[in-house]
Amino acid sequence: MNYWLMKSEPGTFSIDHLAKAKSRTTGWDGVRNFQARNYLRSMQEGDLALFYHSSCEVPGVAGIVKVVREGYPDKTAFDPKDHHYDPASKADAPRWYAVDVKLERKFDRIVALDELRKYEKGKLKDMVVLRRGNRLSITPVTKSEFEFVRSLV
DNA sequence: GCCAACGTTGGC
DNA sequence: GCCAACGTTGGC
């Protein structure tokens with residue numbers, strides 16, 4: 001059982017979109033970064049992730065999602081009409097992967113990046129998303145980091 | 001809109 | 001294999 005942080009731009013897909021989705025579940029596709037792809041593929045059913053809103057007015061953690069389907073080829077890479085189309089990804093040798101996640105809990109409030117930074121010298125001192133220059137859309141989170149963030153709500 | 005911090009691409 | 005150019009991310 002591992003823990004993660006997954007970024008999404010709420011203007012494109014927010015936690016409320018997920019709350020309204022069928023079975024409160026969505027395919028997490030469109031990831032086009034190899035390191036993030038590797039993390040996606042290493043996710044296991046039952047893993048939990050912090051759902052993070054990025055590139056928005058109040059960046060921060062909006063809730064918790066659970067991995068309900070492990071890595072499978074990202075079909076958006078095969079579709080020339082899709083924004084995430086990648087001709088280098090072939091059906092018999094897929095380059096990109098997706099997982100399915102289900103909304104586990106929407107926080108009553110956003111745990112803002114500002115708030116997380118209060119602990120960047122303490123409990124969250126190794127949290128990847130707080131590191132300078134971090135841009136990865138999927139990052140690992142330790143159990144204690146995960147539980148600490150959850151305890152803030 | 002700015003810009004730092006990357007990751008990727010492609011010429012050599 | 002190097003590295004400049006380019007594109008993207010994401011906080012501010």
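Below, all heavy atoms of this structure are taken into account, side chains as well, without hydrogens, waters or symmetry copies. Every chain is numbered from 1 and lettered A, B, ... according to where its sequence line falls, protein lines coming before strand lines.
Taking side-chain N and O atoms only, A:Tyr52 has a distance below 4.0 Å to OP1 or OP2 of C:dG11. The phosphate of C:dG10 has OP1 or OP2 within less than 4.0 Å of a side-chain N or O from A:Lys7. Put simply, A:Arg32 has no side-chain N or O that comes within less than 4.0 Å of OP1 or OP2 on C:dT8.
Using modelled atom types, no side-chain atom of A:Arg69 and backbone atom of A:Val101 make a donor-acceptor pair closer than 3.5 Å.
You'll find that the side chain of A:Phe34 is closest to B:dT8, out of B:dT8, C:dT8, C:dG11. In the set C:dG10, C:dC12, B:dC6, C:dC12 carries the atom at the smallest distance from any side-chain atom of A:Leu113. Side-chain atoms of A:Asn33 lie closest to B:dG7 of the nucleotides B:dG7, C:dC12, C:dG11. When the nucleotides B:dG7, C:dG10, B:dA5 are ranked by their closest atom to the side chain of A:Gln35, B:dG7 comes out on top.
Classification of the A:Trp28-A:Phe51 ring pair by plane angle, with boundaries at 30° and 60°, yields perpendicular.
Remark: C1' of B:dA4 and CZ of A:Arg131 are 18 Å apart, rounded to the nearest angstrom. Residue A:Arg135 contributes atom CZ, which lies 7 Å from atom P of B:dC6 at whole-angstrom precision. Computed from coordinates, the A:Arg132 CZ to C:dG10 P distance equals 16 Å when rounded to whole Å. When the P atom of B:dT8 is taken as reference, atom CH2 of A:Trp96 falls 7 Å away, rounded to whole Å. Rounded to an integer number of Å, the gap from A:Leu130 CG to C:dG10 P is 14 Å. Atom CD1 of A:Ile138 is separated from atom P of C:dT8 by 19 Å (rounded to the nearest Å). The distance from atom NE2 of A:His53 to atom C1' of C:dT9 is 17 Å, rounded to the nearest whole Å. Note: NE2 (A:His84) to P (C:dT8) measures 12 Å, nearest angstrom.
A distance below 6.0 Å separates the ring centres of A:Phe148 and A:Tyr119.
Side-chain atoms of A:Arg105 and A:Arg150, non-hydrogen and from C-beta on, do get closer than 4.5 Å to each other.
If you run side chain to side chain donor-acceptor pair (under 3.5 Å) between A:Trp96 and each of A:Asp86, A:Asn33, A:Asp74, only A:Asp86 comes through.
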